Asker: 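After the structure tokens below, expect a handful of questions from me.
None of these values were measured; they are calculated from a predicted model. Residues take their numbers from the sequence shown, with the count starting at 1. Reckoned from all heavy atoms, side chains included, excluding hydrogens, waters and symmetry mates.
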Amino acid sequence: MRAMRATGFNGYGDLKLANLPKPDVSDGKVLVRMTAAGVTPLEHTILSGQYPKAKAPLVLGGEGAGVVEEGSGMEFPVGSRVMFAGLYGVSEDGTYSEWLAVRKQDLCLIPEGIDDVNAAGIPVAYLTAQMALSLAGFRAGKTVLAPAIGGSVGNAVTQLARALGAKHAISSTSNHTKAEQAKALGFDEVIDLSRETLSDGVRRITDGYGVDIVIDAIGGEILSEALSTLAAGGSLTTLGYSGGRKATIDVTNLIWKRATIKSFSLFAQPPAAWEQAWNTIVPQLQSGGIKPIVAKTFPLAEASDALRYLVEGRPFGKVVLTI
């Protein structure tokens, strides 16, 4: 089978097309014929040699969609369309391949009306968004800020918070064109950082109240400023660092507001949390409450270009490989 395998972790050039044996199916796994794979920043981190747990050679890719071909049961019969995410592409070969043996507990049936390309980009972003919101104590009526409307997690948090009854579901972008694109897509609480600061935008939208919950996938300076937007008793969850691994904070934003900072890692969450998250996400997909956005697709053999486009092009929406 064809697969895009990292022969080393020294950059884009180490990701090469390989011909590998079709995986065997063991107990608790099913064979999935991959039709699409989501491209995430984690693959770039690994390919750049910044993820010490990963060992080359390694087929990258942690999420995807496909069709069950073998080893299934009543829950996922042969022919079922499924989407999934897991530690694939980290501690074992991943989704940048034509077939993959997938653990049954990682699978979710793709709802009718969602095509495979859109489904491939759903798991990591929306599972992260839903679990992070839940752990932050989200409920209807809360005000939420998730910076970076064009990013997969920022967009997913904004969509889910809005669909689940947030009083305000606020996001941001430093790019005026993306701000206009967001508005055209119906996101009417996006702060254009080329026109105003994050804190000024939050004050304007919330009439000075601030936000109850920040879910930040950016880090760096954005985390520092997002912290200042918290309302009394608010919390900030940090789960990404595309804008920088280091941030300087004003501790009075925590002390005076009795606020908290917490962290989140998707793959550290227990199976029950994954099941609960899917039970929220799937009905919202079926009702149209949330709608995945795909910026661009690339064929499997162009996975290096897809990663480069994601990291350097900073598109509005997901990047997906078609297989």
Side-chain angles (χ1 to χ4, degrees), residues 1-9 14-40 42-44 46-47 51 53-111 114-125 127 266-267 271 274 278 292 294 296-307 310 318-323:
M1 68 172 187
R2 296 181 309 138
M4 289 302 290
R5 183 169 63 172
T7 55
F9 298 142
D14 281 348
L15 190 56
K16 299 176 181 178
L17 189 64
N19 189 16
L20 303 176
K22 195 173 177 180
D24 294 324
V25 178
S26 58
D27 289 344
K29 290 187 175 182
V30 301
L31 184 65
V32 174
R33 176 176 57 80
M34 300 298 302
T35 54
V39 179
T40 75
L42 179 58
E43 282 99 77
H44 180 260
I46 292 170
L47 196 57
Y51 200 91
K53 293 183 179 180
K55 306 297 180 186
L58 180 68
V59 177
L60 298 186
E63 67 175 355
V67 179
V68 174
E69 282 204 350
E70 182 184 340
S72 58
M74 294 294 293
E75 191 176 3
F76 300 104
V78 170
S80 298
R81 297 171 59 240
V82 292
M83 54 186 172
F84 63 93
L87 285 172
Y88 312 98
V90 178
S91 56
E92 60 188 289
D93 283 342
T95 61
Y96 290 13
S97 58
E98 292 183 303
W99 281 273
L100 188 66
V102 181
R103 287 174 288 277
K104 288 184 181 180
Q105 66 263 31
D106 294 334
L107 295 171
C108 178
L109 293 172
I110 299 173
I114 304 296
D115 64 33
D116 288 13
V117 167
N118 279 290
I122 288 171
V124 169
L127 287 168
L266 175 62
F267 299 115
W274 286 61
W278 277 128
V294 173
K296 191 172 182 178
T297 62
F298 290 79
L300 177 64
E302 296 177 15
S304 294
D305 293 334
L307 265 177
L310 175 70
K318 288 287 296 189
V319 177
V320 176
L321 299 177
T322 55
I323 302 170

Asker: Which residues pass the side-chain contact (heavy atoms from CB on, under 4.5 Å) test with A56, not counting sequence neighbours?
Answerer: F9
Asker: Kindly give the heavy-atom pair with the smallest separation between R103 and L87, and that separation in Å.
Answerer: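 Scanning both residues, the minimum pair turns out to be NH2-N, 4.1 Å.
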Asker: Check side chain to side chain donor-acceptor pair (under 3.5 Å) between W99 and all other residues, then give those that pass, not counting sequence neighbours.
Answerer: E69
Asker: Please list all pairs meeting side-chain hydrogen bond (donor to acceptor under 3.5 Å, both in side chains) that have one or both residues in residues 16-26, counting only residues at least two apart or in different chains.
Answerer: none
Asker: Please identify each residue that fulfils side chain to side chain donor-acceptor pair (under 3.5 Å) with D116, with sequence neighbours left out.
Answerer: T35, R81
Asker: Tell me the closest heavy-atom pair linking G71 and V25, and the distance in Å.
Answerer: CA-CG1, 4.3 Å
Asker: Tell me, please, which residues at least two apart from A120 pass side-chain contact (heavy atoms from CB on, under 4.5 Å).
Answerer: A36, A65, V320
Asker: In Å and rounded to the nearest 0.5 Å, what is the CG to CZ distance from L17 to R5?
Answerer: 10.5 Å
Asker: Just jot down the side chain to side chain donor-acceptor pair (under 3.5 Å) partners of D115, sequence neighbours excluded, or say none.
Answerer: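 Side chain to side chain donor-acceptor pair (under 3.5 Å) check on D115 returns N118.
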Asker: For S97, what residues pass the side chain to side chain donor-acceptor pair (under 3.5 Å) criterion, not counting sequence neighbours?
Answerer: none
Asker: Under the side-chain contact (heavy atoms from CB on, under 4.5 Å) test, which residues partner E75, sequence neighbours left out?
Answerer: none
Asker: Could you please spell out the steps behind the side chain to side chain contact (heavy atoms under 4.5 Å, CB included) verdict for V124 and L42?
Answerer: CA-CA 11 Å; V124 169; L42 179 58; over 6 Å; no
Asker: Report the C-alpha separation of D93 and L58 in whole Å, then their side-chain angles, then the decisive distance to 0.1 Å, and conclude whether the side chain to side chain contact (heavy atoms under 4.5 Å, CB included) test is met.
Answerer: CA-CA 6 Å; D93 283 342; L58 180 68; 3.8 Å; yes
Asker: Using the test side-chain contact (heavy atoms from CB on, under 4.5 Å), find all partners of S80 that sit at least two apart in sequence or belong to another chain.
Answerer: V68, P77, V82, L109
Asker: Calculate, to the nearest 0.5 Å, the distance between atoms NZ and CD1 belonging to K53 and I46 respectively.
Answerer: 11.5 Å
Asker: Return the minimal non-hydrogen interatomic distance between G28 and Q105, and the atom names on each side.
Answerer: O-OE1, 4.4 Å
Asker: To check you understand the geometry: which heavy-atom pair defines the closest contact between A37 and Y96, and what is its length?
Answerer: CB-CD1, 4.1 Å
Asker: Please check: side-chain N/O of T7 versus main-chain N/O of P57, any donor-acceptor pairing under 3.5 Å?
Answerer: no
Asker: Excluding sequence neighbours, so at least two apart, what forms salt bridge (Lys or Arg N to Asp or Glu O under 4.0 Å) with K104?
Answerer: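 Per chain and number, K104 pairs via salt bridge (Lys or Arg N to Asp or Glu O under 4.0 Å) with no residue.
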Asker: Can you name the nearest heavy-atom pair linking L47 to A6, along with the distance?
Answerer: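 Result for this residue pair: CD1-CB, 3.8 Å.
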Asker: Look up atom CG in L107 and atom CE in M83, then write down how far apart they are to the nearest 0.5 Å.
Answerer: 10.5 Å
Asker: Could you tell me which residues satisfy salt bridge (Lys or Arg N to Asp or Glu O under 4.0 Å) with E43, sequence neighbours excluded, listed by chain and number?
Answerer: none
Asker: Nearest 0.5 Å please: distance from the CH2 atom of W274 over to the CG atom of D106.
Answerer: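 Going from CH2 on W274 over to CG on D106, the span is 6.0 Å.
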Asker: Working note: L100 + F84, criterion side chain to side chain contact (heavy atoms under 4.5 Å, CB included); need CA distance, chi angles, decisive distance, verdict.
Answerer: CA-CA 11 Å; L100 188 66; F84 63 93; 3.8 Å; yes
Asker: How long is the straight-line distance from CD1 of I323 back to CE of M4, given to the nearest 0.5 Å?
Answerer: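 Between M4 CE and I323 CD1, I get 11.0 Å after rounding to 0.5 Å.
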Asker: How far apart are the closest heavy atoms of A119 and I110, and which atoms are they?
Answerer: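 Heavy-atom minimum between the residues: CB-CD1, 3.7 Å.
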Asker: Going from OG1 on T40 to CG on L310, what distance comes out if it is rounded to the nearest 0.5 angstrom?
Answerer: 7.5 Å
Asker: Only pairs under 3.5 Å count here: list side-chain donor-acceptor contacts from residues 296-307, not counting sequence neighbours, and write none if there are none.
Answerer:
| residue | atom | partner | partner atom | Å |
| --- | --- | --- | --- | --- |
| S304 | OG | Y12 | O | 3.1 |
| S304 | OG | L15 | O | 3.4 |

